[in-house]
There are 2 protein chains.
Amino acid sequence: MADDDMLRLEAQLCFPLYAAANATIRAYRPILAPLGLTYPQYLVMLVLWEGDGRSVSEIGSSLHLDSGTLTPLLKRLEAAGLVCRRRQVADERVVLVDLTAAGQALREKALAVPKAMAGRLCLDHEQVNRLRDDLRRLVANLDTDAPQD
Amino acid sequence: MADDDMLRLEAQLCFPLYAAANATIRAYRPILAPLGLTYPQYLVMLVLWEGDGRSVSEIGSSLHLDSGTLTPLLKRLEAAGLVCRRRQVADERVVLVDLTAAGQALREKALAVPKAMAGRLCLDHEQVNRLRDDLRRLVANLDTDAPQD
DNA sequence: TCAAATTAAATTGTGCACAATTTATATCAC
DNA sequence: GTGATATAAATTGTGCACAATTTAATTTGA
């Protein structure tokens with residue numbers, strides 16, 4: 001393919017990736033609205049439901065997000081009464097995040113979310129698995145061969 | 001799969017999609033920096049390089065973005081001297097976007113971008129094509145079966 | 001032991017995304 | 001023609017993402 005052709009929007013891989021991510025987050029909005037969560041907040045809650053008392057940087061490395069994103073997001077979750085934050089006694093630099101009772105309870109409502117989204121995506125099992133594996137490989141590649149630092 | 005298992009981050013499709021989109025935009029940053037463009041700005045330029053004099057809503061439907069996103073972005077491109085905006089004489093509500101000489105010229109620099117990104121993605125042709133097709137199908141599904149409006 | 005280097009969060013500033021509203025123009029119905 | 005409706009951008013406000021810097025606590029090393 002000529003260089004010229006590669007600049008066509010249709011030829012690009014990254015644009016469908018960008019558009020699909022936007023469309024997906026958009027689709028989550030009405031599904032998550034009853035839980036009072038945005039999609040990134042839902043991701044943080046998923047991490048905490050697997051086990052709370054984690055540090056900001058542990059959450060960050062799970063989700064590939066930094067403190068600049070997480071600090072204000074966690075403050076909003078705290079203001080909503082879903083989590084509470086405390087300094088680790090052994091190392092006062094570390095902030096640990098716990099679920100409140102309300103945060104634990106919200107998990108019951110969240111159980112319906114994956115099925116609701118699956119209904120919106122309209123992909124069969126094979127497509128979902130293949131897409132997930134391909135995307136994981138892509139993330140791994142981009143994480144591994146670091147830019148130049 | 002039990003409902004409980006579906007809440008695991010590892011089981012999710014949308015999280016790898018979200019993470020891959022973030023990682024990709026991050027990878028574009030150093031490649032686009034010499035052109036003075038962000039990734040969304042680069043996408044708008046791709047559309048305009050395929051043909052300028054398009055309306056804000058035409059650009060928006062190509063990229064699945066609304067005027068709330070595009071208006072300030074186009075003002076930044078205008079401030080950078082890459083585009084200019086004018087009201088359509090036949091219908092003063094419509095704003096048409098043209099490339100300036102600098103905007104046209106920037107295309108030459110942009111020709112190197114797809115190859116530079118391909119080097120970062122580290123996927124073979126088969127994977128790229130499959131992923132692109134799967135993502136397009138996903139976007140089409142999410143666009144088609146509208147929420148409820 | 002104490003100054004230098006390191007680390008974890010928080011802060012600051014920029015640029016998206018998008019819902020909701022507003023403004024300006026155009027079209028339609030009568 | 002003129003009021004009602006519709007349409008295109010722009011505006012407003014919220015919440016990410018992330019680079020760069022700052023603050024505070026910890027570790028290291030001469």
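Atoms considered below: every heavy atom in the structure, side chains included; atoms not considered: hydrogens, waters and symmetry mates. Order of the sequence lines sets the chain letters (A, B, ...), proteins ahead of strands, with each chain counted from 1. Predicted model only: the values in this text are computed from it and were never measured.
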Check each residue of residues 58-80 of chain A for a non-hydrogen atom within less than 4.0 Å of any atom in DNA chain C, then write out the ones that pass by number, or none.
S67(A), G68(A), T71(A), K75(A)

Distance check needed: [N] [atom2] versus [X] [atom1], whole Å only.
X: Q41(A); N: dA17(C); atom1: CD; atom2: P; value: 18 Å
X: Y39(B); N: dC18(D); atom1: OH; atom2: C1'; value: 17 Å
X: L32(A); N: dG15(D); atom1: CG; atom2: C1'; value: 14 Å
X: L96(B); N: dT25(C); atom1: CG; atom2: C1'; value: 14 Å
X: R87(B); N: dA8(D); atom1: CZ; atom2: P; value: 12 Å
X: R86(A); N: dA9(C); atom1: CZ; atom2: P; value: 13 Å
X: Y42(A); N: dC16(D); atom1: OH; atom2: C1'; value: 18 Å
X: R29(B); N: dC18(D); atom1: CZ; atom2: P; value: 7 Å

Please lay out, stage by stage, how R86(A) and E92(A) fare under the test salt bridge (charged side-chain N to carboxylate O under 4.0 Å, His left out).
CA-CA 9 Å; R86(A) 59 188 160 97; E92(A) 290 280 343; over 6 Å; no

Charged N-O contact under 4.0 Å between [X] and [Y]:
X: R130(B); Y: D133(B); answer: no
X: R132(A); Y: E10(B); answer: no
X: R8(A); Y: E50(B); answer: no

Could you check if a side-chain atom of I59(B) sits within less than 4.5 angstrom of a side-chain atom of L63(B), using non-hydrogen atoms only?
yes

Is Y18(B) near enough to dA17(D) that one of its side-chain N or O atoms lies under 4.0 angstrom from OP1 or OP2?
yes

Short side-chain N/O contact to dA9(C) OP1/OP2 from S55(A), under 4.0 Å
yes

Out of curiosity, does L65(B) fall in the hydrophobic cluster containing V139(B) (side-chain heavy atoms, cut-off under 4.5 Å, transitive links)?
no

Look at the side chain of [X] and decide which nucleotide, out of [options], has an atom nearest to it.
X: R85(A); options: dA9(D), dC18(C), dA10(C); value: dA10(C)
X: S57(B); options: dA9(C), dA9(D), dG15(D); value: dA9(D)
X: V56(B); options: dA17(D), dA10(D), dG15(C); value: dA10(D)
X: P40(B); options: dA10(D), dA9(C), dC16(C); value: dC16(C)
X: R26(A); options: dA8(C), dA17(D), dC18(C); value: dC18(C)

Can you give me the closest heavy-atom contact between L123(A) and R137(B), atom names plus distance?
CD2-CG, 4.3 Å

Atom of Q41(B), atom of L37(B) and distance for their closest heavy-atom approach
OE1-CA, 3.5 Å

Tabulate protein N/O versus nucleotide N/O from nucleotides 22-29 of chain D, keeping only pairs under 3.5 Å, one per line.
residue	atom	partner	partner atom	Å
dT26(D)	OP1	E92(A)	N	3.1

May I ask you to list the residues sharing a hydrophobic cluster with V94(A), side-chain cutoff 4.5 Å, ordered by chain and number?
L96(A)

Let me know which of D52(B), L74(B), L70(B) forms a side chain to side chain contact (heavy atoms under 4.5 Å, CB included) with V97(B).
L74(B)

